[in-house]
There are 2 protein chains.
Amino acid sequence: MKTKPQSPKKSRNLEKSRKEILEVAFMEVFTKGFQGVSIDDIVAKTNLTKGAFYHQFPTKLDMGYALVDEVIKPMIIERWIKPLESYENPLDGILAQMKTLIGEADPKYLKLGCPLNNLVQEMSPVDKEFHIRLQIALNLWIDEMDLHLKRAKKSGYLKPDVNTKQVAHFVVMAHEGFYGMLKGLDDPKIFSALYASLKLYFKSISKNARSV
Amino acid sequence: MKTKPQSPKKSRNLEKSRKEILEVAFMEVFTKGFQGVSIDDIVAKTNLTKGAFYHQFPTKLDMGYALVDEVIKPMIIERWIKPLESYENPLDGILAQMKTLIGEADPKYLKLGCPLNNLVQEMSPVDKEFHIRLQIALNLWIDEMDLHLKRAKKSGYLKPDVNTKQVAHFVVMAHEGFYGMLKGLDDPKIFSALYASLKLYFKSISKNARSV
DNA sequence: TTGACAACATACTAATTAGTATGTAATGCT
DNA sequence: AGCATTACATACTAATTAGTATGTTGTCAA
C-alpha cells in the first residue's frame, strides 16, 4: 500500500480551520444576527484563536461574505433545489420540500428563521458588498427554481401562458415569507394555513386540477 | 378668548421629547438595525442629550419596545388597515394599498424593507420581550385583516368556503415577503411580478372572476 | 414668590469590540 | 536534515458602547 495522497493527521489545516470557523460562525450569526455576534464569541466556541480567525479573514465583514458564498449558497442548492430533481412534477416537489424542511422542522430552529433571509433583512442596507453577495444568492435560488418551473411547463403541468420567472419570484418570496411569519408568530399551526394558501395558488396556475 | 389648555411654548416637554427621540430612533433602527444603532447615534441626531434619553427609557431595549408599541403598531393600522375601509371589496383595497405603498414607494425607502419585519427578523430570537411585542403587532395586523376579509365574504366577494383567517395569514405573509424580496433584489420590476401572482391567488378565492 | 420636583444636561466608567503586533511551532520542499 | 514559510497563538490597543452619577434649570402648585 502506498502512502495516502493527503496526510491523514496534521495539527494545522487551513481548509479545515476555515470550515470550523465558518460552521461556528454560521450558528452564532443564525441565532444572534451578524451585528450581534463578536469575533471573540466565535473563536471561543472553536478550538482555534483570534490569530487563526484573522489569518483566514481580513475583517469581520469578509467572514460574513464567506458565510454567504461558502455556507449559505450551497445550502440553498442542497436543501431547496437538488431535491426537486426527483419529482416528475416540480410543483409537488416544492410543496413537499416546504412541508419537510419548514412544516416538520424543529421549532427550536424555526424560531431562528432562514439564514439567508435573516442576513438579507439585517445586512442589505448596512453594507453594499453584503447586499451584492446576498442578491447573487437570491437570484441563484430564483433562477434554479425557474429552470424547474420551465420543466414543469414543458411536461404540461403548468398552464401554457404561465410566466415561470414570475412564479419563481413568488415561490422564493413565499419561502422567505413563511420563515418570517413562523419566526414572528409562535403557533406551528400557521404553517398549515400558509401551505394551504400556496397550494391554492399552485392549483390556479396548474393545467390539470388532478395533480398538486 | 380663554387661555389655551396646553401651554404653547415650554422648553421642557416630556411627551414631545419622547416623540422626538422615538422618531429619530425609528429612522436609525430602520436603516442600521436595532443592534447596529447606538444611543449616542440617536441622541446626536436629536436636540436632546443622553440624560433625556435615559429619563424616558430605562434601557436601550425598553426604547425598542416603545418603538414597536408607540410607532410601528399605529403605523400598521394607519397604512395597511384604515385605508381598506373605503373599499367596497377589501381585496381591491389590499391590492391597491400594496401598489401605492410598495409598488410606488421611493426605492430609497424600499431598500430599507419593512420596519416591523426588520425587527421581527433581527430581534425575535435575541430578546424574548421583543418577541412578545412583535408577535402582538403581527397578530393585530392579521386580526384586523381578517375582519376585512370576513366583510368581503359577507358581501359575497369571497367563495363561501374560504377560511378568512387563513387568507389573512397569507396576505400578511405576502406583505412581509414582498418587502423582503424587494430589499434583497434591486429590480423594481419585481414588484409587478409578485403583485401579478398575488392577484392570481386572490382570483382563485374570489366568487366572481369579474372583480379583482 | 417660592420651594420642590420633574426634565433634562454633563461627565464619567467599566465592559466589550474589531483589529494589530508579535511570537512560535508545525509543515513541506529541497 | 535544514530552512523558509505557513498556520496559527498570545498579548495588546484604541475606539465604541450601554449605562450611571451628579449637577442644573425650567415648571407649576400652593
Side-chain angles (χ1 to χ4, degrees), chain A residues 2-25 28-29 31-67 70 122-123 126-127 129-130, chain B residues 2-25 28-29 31-67 70 122-123 126-127 129-130:
Chain A
K2 293 205 172 169
T3 59
K4 296 187 178 176
Q6 69 278 30
S7 36
K9 341 163 189 173
K10 45 178 175 176
S11 66
R12 297 185 168 186
N13 189 322
L14 191 64
E15 290 180 43
K16 208 178 154 194
S17 295
R18 187 181 185 88
K19 283 189 179 174
E20 186 181 353
I21 292 171
L22 285 178
E23 192 179 337
V24 170
E28 287 293 297
V29 171
T31 53
K32 305 177 191 169
F34 184 80
Q35 297 183 112
V37 152
S38 75
I39 291 159
D40 289 312
D41 282 347
I42 294 171
V43 296
K45 297 204 171 188
T46 297
N47 287 324
L48 302 156
T49 63
K50 221 167 190 178
F53 184 97
Y54 279 98
H55 187 62
Q56 299 272 357
F57 311 106
T59 70
K60 188 190 176 187
L61 279 170
D62 286 286
M63 183 272 285
Y65 307 154
L67 266 184
E70 299 168 34
E122 183 188 2
M123 297 306 295
V126 172
D127 181 79
E129 182 68 20
F130 236 123
Chain B
K2 295 207 172 169
T3 58
K4 295 188 179 176
Q6 70 278 32
S7 38
K9 342 166 185 171
K10 46 178 175 176
S11 68
R12 296 186 167 187
N13 189 322
L14 190 63
E15 289 179 45
K16 208 178 155 193
S17 295
R18 186 181 186 89
K19 282 190 179 175
E20 185 180 353
I21 292 171
L22 284 178
E23 192 179 336
V24 170
E28 286 293 296
V29 171
T31 53
K32 304 177 192 170
F34 184 80
Q35 298 183 109
V37 152
S38 75
I39 290 161
D40 289 311
D41 282 347
I42 294 170
V43 295
K45 298 203 170 187
T46 297
N47 287 324
L48 302 155
T49 64
K50 222 167 190 178
F53 183 96
Y54 279 99
H55 187 63
Q56 299 272 355
F57 311 106
T59 71
K60 187 190 177 189
L61 279 170
D62 285 286
M63 182 271 284
Y65 306 154
L67 265 184
E70 299 168 34
E122 183 189 2
M123 297 306 295
V126 172
D127 181 79
E129 182 68 21
F130 236 124

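Labels below follow one simple rule: chain letters A, B, ... track the order of the sequence lines, proteins then strands, and each chain is numbered from 1. Note that this is a predicted model, so its numbers are computed, not measured.
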Contacts to DNA chain C from residues 53-64 of chain B, heavy-atom cutoff under 4.0 Å, which residues? B/His55
Numerically ordered, the residues 31-48 of chain B set in heavy-atom contact under 4.0 Å with DNA chain C is B/Asn47, B/Leu48
Does B/Thr31 have any side chain to side chain contact (heavy atoms under 4.5 Å, CB included) partners at least two apart in sequence or in another chain, and if so, which? B/Met27, B/Leu112
[N] [atom2] sits how many Å from [X] [atom1], rounded?
X	N	atom1	atom2	value
B/Asn13	D/dT27	CG	P	10 Å
B/Arg18	C/dA6	CZ	P	16 Å
A/Lys19	D/dA7	NZ	P	15 Å
A/Glu20	D/dC8	CD	C1'	12 Å
A/Arg12	D/dA7	CZ	C1'	5 Å

Side chain to side chain donor-acceptor pair (under 3.5 Å) partners of A/Lys50, counting only residues at least two apart: A/Asp40
Enumerate donor-acceptor pairs with a distance under 3.5 Å from any side-chain N or O in residues 51-59 of chain A to protein atoms, sequence neighbours excluded.
from	atom 1	to	atom 2	distance (Å)
A/Gln56	OE1	A/Arg18	NH1	3.3
A/Gln56	NE2	A/Leu14	O	2.8
A/Thr59	OG1	A/Leu61	N	3.3
A/Thr59	OG1	A/Asp62	N	3.2
A/Thr59	OG1	A/Asp62	OD2	2.8

Can you find an N or O donor on one side and an acceptor on the other, under 3.5 Å apart, linking the side chain of A/Lys50 with the base of D/dA9? no
May I ask you to evaluate whether B/Ser11 reaches the phosphate of D/dT25, defined as a side-chain N or O under 4.0 Å from OP1 or OP2? no
Quick check against the 3.5 Å criterion: does A/Glu122 have a side-chain atom that pairs as donor or acceptor with the backbone of A/Gly33? no
Residue pair B/Tyr65 / B/Phe130: nearest heavy atoms and the distance that separates them: CE2-N, 3.6 Å
A side-chain contact here means heavy atoms from C-beta on lying under 4.5 Å apart; do A/Gln35 and A/Met123 qualify? yes
All N/O donor-acceptor pairs, side-chain side in residues 41-48 of chain A, below 3.5 Å, sequence neighbours left out:
from	atom 1	to	atom 2	distance (Å)
A/Asp41	OD1	A/Ser38	OG	3.3
A/Asp41	OD2	A/Ser38	N	3.4
A/Asp41	OD2	A/Ser38	OG	3.3
A/Lys45	NZ	A/Glu28	OE2	3.1
A/Thr46	OG1	A/Ile42	O	3.1

List for me each residue that meets salt bridge (Lys or Arg N to Asp or Glu O under 4.0 Å) alongside A/Glu129, sequence neighbours excluded, and say none if there are none. A/Arg133
